[in-house]
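Taking it in order: structure first as structure tokens, then the write-up.
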Amino acid sequence: MKGGASALYVEFEDDRVKELFDDLNDVRKSENLMKKEIGAELTKSVKKRYNQIVAFSSFSTLQQSGIGKMESLEGARKGAYSLRVSANYRLIVKPKAKDLSAESLKSCDTLIIKGVIDYHGKGKNFSWIIP
């Protein structure tokens with residue numbers, strides 16, 4: 001899905017994530033699927049972050065913007081990044097790049113939305129709320 005002129009392309013981790021975001025972005029035919037799943041307030045925050053993401057032309061410009069206090073993830077989620085949507089919730093994205101070098105991220109114009117997690121405490125326990 002293309003956000004607009006020279007905007008980041010967005011792909012989705014799986015069909016369920018795609019369904020929720022497609023519905024979220026379809027103002028005419030929305031069935032409020034995400035709102036039913038995670039509530040109105042969090043849905044509004046996710047939508048705001050999504051709109052900000054697609055306004056950038058590359059992953060590195062998004063990364064440098066400071067929006068969502070982006071953090072790189074480690075361990076099993078290495079290569080993915082979290083963006084804050086609220087105090088306890090993060091949108092997890094992954095650049096579709098050949099590697100994680102600065103040069104590769106600079107030319108990366110596509111990211112994959114993996115979902116939204118509940119992110120609590122020092123142990124960084126993850127609980128997926130989307131998908």
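Here the side chains of Ile38 and Tyr89 are not in contact, with every heavy-atom distance at 4.5 Å or above. Using a 4.5 Å cut-off on side-chain heavy atoms (C-beta onward), Leu20 and Phe12 make no contact. Side-chain contact between Ile92 and Ser82 is present, with at least one heavy-atom pair separated by less than 4.5 Å. For the pair Ile113 and Tyr50, the minimum side-chain heavy-atom distance is below 4.5 Å. Using a 4.5 Å heavy-atom cutoff, the side chains of Asn25 and Lys47 are in contact. For the pair Thr43 and Val46, the minimum side-chain heavy-atom distance is 4.5 Å or more. Leu62 places none of its side-chain heavy atoms less than 4.5 Å from the side chain of Gln52. Side-chain contact check for Leu111 versus Tyr81: every heavy-atom pair is 4.5 Å or farther apart.
At a threshold of 4.0 Å, the pair Arg16-Glu19 counts as salt-bridged, since one of the basic side-chain nitrogens sits closer than that to a carboxylate oxygen.
The line from CE of Met34 to CG of Asp22 is 10.0 Å long, rounded to the nearest 0.5 Å.
Within a 6.0 Å radius of CG in Asp15, no more than 12 heavy atoms belonging to other residues, nucleotides or ligands are found.
Residues that satisfy the salt bridge (Lys or Arg N to Asp or Glu O under 4.0 Å) test with Glu103, not counting sequence neighbours, are absent from this structure. In terms of the ring-ring contact (aromatic ring centres under 6.0 Å, His included) criterion, Phe56 has no residue partners (sequence neighbours excluded).
Considering every non-hydrogen atom in both Gln63 and Leu105, the closest pair reads OE1-CD1, 3.8 Å.
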